[in-house]
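For the numbers below, each heavy atom of this structure counts, side chains included, while hydrogens, waters and symmetry mates do not.
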Amino acid sequence: MAYRVTFVCTGNICRSPMADHILRRHVADEGLDVEVDSSGTGGWHLGDQADHRTVATLRRYGYTSAHEVRQFRPVWFNRYDLIIALDQGHYRDLRSMAPKPEYQAKVRLLREFDPDADDLDVPDPYYGGKADFEHVRDLIEAAVPGLLDEIRKDLKEP
């Protein structure tokens with residue numbers, strides 16, 4: 001059975017779909033048996049596509065971008081091995097939704113996987129411009145090596 005990772009942000013249109021597609025390519029490039037997806041804590045954009053600026057940023061760097069917005073549901077805790085929050089608000093929301101303490105332990109912040117992170121939040125680029133989306137991509141890319149190390153470690157454990 002594949003290892004499962006999901007990214008969670010607010011509306012599932014900017015940060016989490018970007019992280020989803022970036023990690024998806026990295027695990028595919030390494031041939032890891034990992035399924036990656038994303039969702040949001042809120043349901044404002046259900047069924048929509050990712051923000052056009054997210055799509056443009058992903059495509060600029062050769063990533064896939066197909067996406068349909070979903071809202072994270074507490075019943076999903078059992079389905080994932082790792083639930084990655086994009087900021088501390090999402091982290092608190094997800095941990096408060098967790099029906100069991102062992103599910104709370106699955107919730108992590110993306111930037112905790114970046115040893116050079118001076119802030120654990122990935123800022124929301126929604127009200128910004130191209131540079132803000134580029135910055136988010138840079139922050140995600142910086143965390144991916146540490147996240148891959150964590151996934152590889154988890155895959156080796158029985």
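Rounding to the nearest 0.5 angstrom, the gap separating the CE atom in Met18 from the CG atom in Leu86 is 10.0 Å. Rounding to the nearest 0.5 Å gives a distance of 6.5 Å between CD of Glu134 and CG of Asp138. A distance of 12.5 Å separates OG of Ser39 from CD of Glu68, quoted to the nearest 0.5 Å. The CG atom of Asp93 sits 12.0 Å away from atom CD of Gln88, with the distance rounded to the nearest 0.5 Å. Atom CD of residue Gln49 and atom OG of residue Ser65 lie 9.0 Å apart, to the nearest 0.5 angstrom.
With contacts defined as side-chain heavy-atom distances shorter than 4.5 Å, the pair Leu58/Pro17 does not qualify. Between Leu110 and Leu147, the closest side-chain pair of non-hydrogen atoms falls below 4.5 Å.
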Go through Arg111 and Asp121 one step at a time and tell me if the side-chain contact (heavy atoms from CB on, under 4.5 Å) criterion holds. CA-CA 7 Å; Arg111 301 247 15 242; Asp121 289 344; over 6 Å; no

Take Val36 and Phe7, measure what side-chain contact (heavy atoms from CB on, under 4.5 Å) needs, and give me the verdict at the end. CA-CA 8 Å; Val36 184; Phe7 292 96; 3.7 Å; yes

Check the pair Asp132, His135 against side chain to side chain donor-acceptor pair (under 3.5 Å), reporting the backbone distance first and the verdict last. CA-CA 5 Å; Asp132 299 288; His135 179 63; over 6 Å; no

Test Arg60 against Lys130 for side-chain contact (heavy atoms from CB on, under 4.5 Å), laying out the working first. CA-CA 11 Å; Arg60 231 181 338 275; Lys130 179 180 175 181; 3.6 Å; yes

Would you sort out whether Val27 and Val5 count as a side-chain contact (heavy atoms from CB on, under 4.5 Å), showing the intermediate values? CA-CA 11 Å; Val27 297; Val5 177; over 6 Å; no

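Side chains of Thr10 and Arg15: a donor on one and an acceptor on the other come within 3.5 Å. Between the side chains of Asp37 and Thr6, at least one donor N or O sits under 3.5 Å from an acceptor N or O.
No more than 12 heavy atoms of other residues, nucleotides or ligands sit less than 6.0 Å from atom CZ of Arg59.
Taking all atoms of both residues into account, the shortest heavy-atom contact from Gly11 to Val69 is O-CG1, 3.4 Å. Here the closest non-hydrogen pair linking Gly128 and Arg53 is O-NH1, 2.9 Å. Annotation for Cys14 and Pro125: closest pair CB-CG, 3.9 Å, computed over non-hydrogen atoms. Considering every non-hydrogen atom in both Asp33 and Ala2, the closest pair reads OD1-CB, 3.3 Å. Minimum heavy-atom separation, Val136 to Pro123: CG2-O, 3.3 Å.
One hydrophobic cluster, built from ILVMFWY side chains closer than 4.5 Å, holds both Ile140 and Ile151. The hydrophobic cluster containing Tyr61 also contains Leu148, counting ILVMFWY residues as joined when their side-chain heavy atoms lie under 4.5 angstrom apart, directly or transitively. A chain of hydrophobic side-chain contacts below 4.5 Å, direct or via other Ile, Leu, Val, Met, Phe, Trp or Tyr residues, connects Val34 to Phe113. Hydrophobic clustering, with ILVMFWY side chains joined whenever heavy atoms are under 4.5 angstrom apart, keeps Trp44 apart from Tyr126.
With Asn12 as the fixed residue, the side-chain hydrogen bond (donor to acceptor under 3.5 Å, both in side chains) test singles out one of His67, Arg70, His45, Gln71: His67.
Comment: Asp20 engages Arg24 in a salt bridge, judged by a side-chain N to carboxylate O separation of less than 4.0 angstrom. Arg137 has a carboxylate O that lies under 4.0 Å from a charged side-chain N of Glu141, or vice versa, which qualifies the two as a salt bridge.
Annotation: side-chain contact (heavy atoms from CB on, under 4.5 Å) contacts of Asp81 (sequence neighbours excluded): Tyr3, Arg4.
Leu109 shares a hydrophobic cluster with Val8, Phe72, Val75, Trp76, Phe77, Tyr80, Ile83, Tyr91, Leu94, Met97, Tyr103, Val107, Leu120; the chain of contacts runs through ILVMFWY side chains whose heavy atoms sit under 4.5 Å apart.
The aromatic rings of His26 and Tyr63 are tilted relative to each other, their planes meeting at an angle between 30° and 60°.
Side-chain atoms of Thr54 come within 3.5 Å of backbone N or O of Ile13 as a donor-acceptor pair.
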